[in-house]
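Here the structure comes first, spelled out in C-alpha cells, and everything after it is commentary.
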Amino acid sequence: MLITINGQGMEVALDPRTSLLDLLREHLELHGTKKGCDQGACGACTVLADGERILSCLALAVQYEGRSISTVEGLADDGRLHPLQQAFIDHDGFQCGYCTPGQICSAIGMAAEIGRGVPSAVTADLAATTIPPTRDELRERMSGNLCRCGAHNGIIDAITEIYSAEAAE
Amino acid sequence: MTTIRDAAQKLMQTAIGLAPERWLPGGTPDPLIGRHGAIGSSVPRIDGPRKVKGEARFAAEVPAGNMVYAALVYSTIARGRIATLDTDATQAVPGVVLVMTYRNAPRMAPPALFMSDPRAAGASSLPVMQDDTIHWNGEPIAVILAETQEQADHAATLVRVTYTKETASTSFDAATAQAHRPDSVLGEPAVIEIGNAEAALAEAAHQIDRTYHTPRHSHAAIEPHAATVWWEADGRLVVHDATQMLNGTRWTLAGIFGLKEEQIRILSPFVGGGFGGKTLWNHQILAIAASRLSGRPVRVSLSREGVFRVSGGRTTTRQRVALGARADGTLSALIHTGIAAMTAYNNCPEQFSFPARHLYAADSFKLEQKVADLDMVANTFMRAPGESIGTFALESAIDELADSMGLDPIELRRRIEPVKDPTSGHAFSARHLLDAYARGAERFGWSARNPTPRARREGEWLIGMGVATATYPYYRMPGGAARITLTREGQARVAMASHEMGMGTATVQVQAAADRLGLPIAHVTFAYGDTALPPGTIAGGSSQTASIAAAVTAASEKLVPALLKLVGNDSPLAGLRAGDVEARDGGLGHRSLPERFESYASILSRANRDEISAEAEAPMPLEVQKYAMHSYGAQFCEVRVNAVTGETRISRFLGSFDAGRVLNPRTAASQFRGGIIMGLGLALTEETLFDARTGRIMNPSLADYHVPVHLDVPQIDVIWTDSPDPHAPLGAHGIGEIGITGVGAAVANAVYNATGRRIRDLPITLDKLL
C-alpha cells in the first residue's frame, strides 16, 4: 500500500494486523513515536493523520492507505526545531523524554481543534465560535497524554507560550 | 536475610577501617561549595534536543540484524505446579522460531538478590523458569520468539496449560497473623525501642493512637520494560536494557549465566522513567536465555499488562502511629509500628518507620517493622520506598495531635524539633526544616487558614489547607569510579557507567565537572549508560548525584598531580605541588598567585601529549556514619472537596525544601515537582488492585491504574533553602525522592481541614468522603 509519512510517499507491504505504530517503529525505523501501553490509554503514540491527532497504537496501518501521517521526526524544519519543540526545552517540559513526542504531536493537533472552535469538557460556552486557550482548556485537552515524571507544568507552559501567543495575534 | 545484614555490617566495618577523608569531622568541605560557576545555573538539559526530536534511542529501539520478537505467557494461578502444557499449536504458527518453557530453558543459577551482595541486582531470588513450580499469579511460563511481534503475540495465546493448585497466601489481612520481623530493614534494625513508649503513652495528657492503610502502587513509567539482547560469536553477551542498575545487572547476569563480568556489556543511555522499577526482572533473563537457545538477537518489550505481571511495585502496609504529648506539645512517646506485605524471596520491607527514627524529639520510642509473606510478584523499591507512605501515617498523626490540642500543626512541629538525631544521637549534618516551614508558610499564606474544619465553603466546594513534613535520607553509594580525560584542545571527557532516567544526571554532572576542572560547560562531556565505562553506582536512594560527584572529585585529585608531573621547568607551574594549585580558567593556577597559571592545552602541548587520563574510585561514604544526613521539606496543600460528590481537587500546592545546595534550579524544580505529582497520585487516585482470593492484579493497565493527568495537576510552586551540606560533595543532596514524601499527609490533612473527615486509608477516593 501507499502511505505518506512526513511528506514522503512510501510503498509498504504489511501483515494486516500491523498497527500504524508498529509500522512506524518496527518497519520504518521511525522510533520517535513511542509505545507506552499499546491500548490507547497513555497517548505516547500520538501522531497527526492529515493534521488530526490520533493514537497510532489503535490504528491499523492499512486503514491509513493514501493518508498523510506526520510524526515527531517531521516537525523540525531543515534541522531547525519546531517552535513547540524549542518551548518544551525552554520550559523543561519533560524529564525522561519518553512521553514527549506524543505530547508535542498531541499539542499541535489540539491547537488546531481549538482553532476550529471544537469545545471541550471545560468550555463554558459551547456555542462560542472562538475558544480562548486558557490553562484549563489546555490541561483538559492534554489529559489523554500521560506523563509519569511529572513535567505537567512545563508542558502546559510550553504549549501556552506557543499557542496563547498565536491566539492573541 | 542474615546475609544482607552481614553484608551491610561488613561494608561498614571495612569503611570505618579506612583513613578519614574530606567529608568527615576535621576534613575540609568541598571547595566548590559557595563558589559560583556552572553549578547553580539553570542549564537546559543537554539531551533536550534529541528528546524533543524523537532521536533518543531507548532499549526497544536498538537495531539488531536477524532479530526476533518475544512474547510471554503468564501463569493464572498464584501457587502450584504446571500439570499439562501443550505448545503444539503455538509451534505451528508461521514465523515462530522458538517456544521456551521450563522443559527446554537452559539451566540458570537463581538471581543474586539485591543487597545480598553489594553488586547484586536481582529483584527476587527465585529461579527463573527452571521447573514446573508456580510462585505468583502472573509468573512467566513460556517465551515465544517469532519473526514479528504480531506472530509472537498470536502464538502466545495458543499455549494450553493446566495447573495443580496449591494453597496460596494471597490475603494480606490473613497473612498479617503470621507477620514476622525481618532480620534487618535495609541494614538497619527492624525494631528500635528507647524507654517504655507504651507506658509513657498510657500516662500522657494527650494521646493519639491510629491505624493507617496504604495500598500497592505501580511505578507506571511510560516506557514499558524492554531489552534488546544478543550473544556475540565469541560468547560475549550484549544487553541493551532500560535499567537503573547497570553494573549490578551485569554482575548478577554473570552469576545466572556462568559468565565473567567482562563478557557482558549492558547499555542503557536513555530510560523512559524508572522510579525504582527498572531493575533486573524475569524478562531480561528470559530474553537472554531464549536468545542463547535460538541463536538469534531477541527484543523483549513487555506489554503494559506484562509490566504489572513481571515487575512488582510498592507494597501494601498497615501502620500504627501513637503519640503521647504533654500540655506544651512535647512528646513523651512516639510509636510507629506496622506490617508490610512481602514475599519470601525478596527483601524490600518498605521502610515506613524510617521517618520517625529521625524527625522529632520524644522521651521514648517504639519503632518496629514486620513483614507478612504473600505469594505475589516481588514487591520492590518505588520512589521513596517507606518514606513516602511512612510520612503519610506519621504526618497525619502529628496533624491529628495538633488538632486535638488546638495547636497550629507548624507550631507543634517547632516544639518537637530535635537538637540531634533522636534515635542515633548523631549530630545533624545540615537541618533547616523550620526554616523551610517558615518560608513556605509565608509564601503559601498559611496564616489565612481557618483551623476549624469545614469552615470555608464556596458554593458546593469545601476548601481546606494542610501541611506535612517531607524527609528523605542522604545516601552516597560506594563502589563507583570516574575517569576524566583531558585533551590538548582543552576539552574534558568524564565517564562513569551512570544512569539518566530524566533526573538531569548528564546535565548536572557536566556542570559539576566543569567547575571541578575550571572549564566552561561547552568543553565538557559526560559519558554514561554503558558498562564499558568505569563502574557506576545504582540510580536509587537519591544517591547518584553525590556518588558521581565524589568519584569525579577523586579522579580530579589524581589528575592534578599527573598534570603537574608533565610540566617542565619553563612552566609557570614548575615546582608546585597539587596542594598549591587549583583548577581555573581552563588550566591550573597557584591558589594565591594569579600569574602562576598554565592552561591544560599548553601543559599537554608542551609535553607533546594529545591527552591525559585519570581514573579513581570514590572514597567510602563515611560521612553517613558520623552525621545524621537527611533532606527535609514542608509540603503545603490547598484542596477543594465537592460537598455533593466527594470529589477532591488540588487547587494549590507548594513544596518548600531543605535539600542541600541546588545544582541546577531548572532540573531540580522538575525533580521536586515530579515527586510531588506522584505524591498527588498516591494521595488521591493510585492503587494497584490485588485480588485477595486469587493473587491476581486486577487493573494491569494505564486505563485502570490512575496516575495524575494534566487536569489533575495544578501549577506547583517549589522553593528551597539552598543551604549546602558541608559534609556532602558539592554540598548537595540527591533530590529524586524527597518530593513525594509528605504529600499524602499534606493532602489528607487539607481534606480534613476542608471537610472534617479524617481519611486514614489511601487513596482518598470520593466514596470515602461521602
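Please read all numbers here as calculations on a predicted model, not as lab measurements. Chain letters run A, B, ... following the sequence lines, proteins first, then strands; residues in each count from 1.
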Counting only pairs under 3.5 Å, give me each side-chain donor-acceptor contact of residues 87-98 of chain A, with atom names and distances, residues two or more places apart or in other chains.
unit_1, atom_1, unit_2, atom_2, d
Asp90(A), OD1, Gln86(A), NE2, 2.9
His91(A), NE2, Glu161(A), OE1, 2.6
Asp92(A), OD1, Arg45(B), NE, 2.6
Asp92(A), OD2, Arg45(B), NH2, 3.0
Asp92(A), OD2, Ser670(B), OG, 2.5
Gln95(A), NE2, Gly502(B), O, 3.1
Gln95(A), NE2, Gln671(B), OE1, 3.1
Tyr98(A), OH, Lys35(A), N, 3.4
Tyr98(A), OH, Lys35(A), O, 2.8

Looking only at side chains, do Thr71(A) and Glu73(A) share a donor and an acceptor under 3.5 Å apart?
yes
Thr507(B) and Arg666(B): side-chain donor and acceptor closer than 3.5 Å?
no
Take atom CZ of Arg80(A) as the centre, draw a 6.0 Å sphere, and report whether it contains more than 12 heavy atoms from other residues, nucleotides or ligands.
no
Can you confirm whether more than 12 heavy atoms, excluding those of Gln8(A), are under 6.0 Å from its CD atom?
no
Of the backbone (N, CA, C, O) and the side chain (C-beta and beyond), which part of [X] lies under 4.5 Å from a heavy atom of chain A, both, or neither?
X	answer
Arg50(B)	neither
Val713(B)	both
Ile677(B)	side chain
Ala703(B)	both
Tyr705(B)	side chain
Pro63(B)	side chain

What salt bridge (charged side-chain N to carboxylate O under 4.0 Å, His left out) pairs are there with at least one residue in residues 47-71 of chain A, not counting sequence neighbours?
Asp50(A)-Arg67(A), Arg53(A)-Glu113(A)
Least distance between heavy atoms, Ala64(B) atom then Thr228(B) atom
CB-CG2, 4.3 Å
On a heavy-atom basis, the closest approach of Thr741(B) and Ala384(B) is CG2-CB, 3.7 Å
Evaluate the ring planes of Phe58(B) and Phe270(B), with Trp represented by its six-membered ring, and classify them as parallel (under 30°), tilted (30 to 60°) or perpendicular (over 60°).
tilted
What's the separation between atom CD1 in Ile650(B) and atom CD1 in Ile716(B), rounded to the nearest 0.5 Å?
8.5 Å
Using heavy atoms and a sub-4.5 Å threshold, report which of residues 140-153 of chain A line up against chain B, by residue number.
Glu140(A), Met142(A), Ser143(A), Asn145(A), Leu146(A), Cys147(A), Arg148(A), Cys149(A), Gly150(A), His152(A), Asn153(A)
How would you list, in number order, the residues of residues 22-31 of chain A that have a heavy atom less than 4.5 Å from chain B?
Asp22(A), Arg25(A), Glu26(A), Glu29(A), His31(A)
Hey, does the side chain of Thr33(A) reach the backbone of Cys45(A) with a donor-acceptor pair shorter than 3.5 angstrom?
no
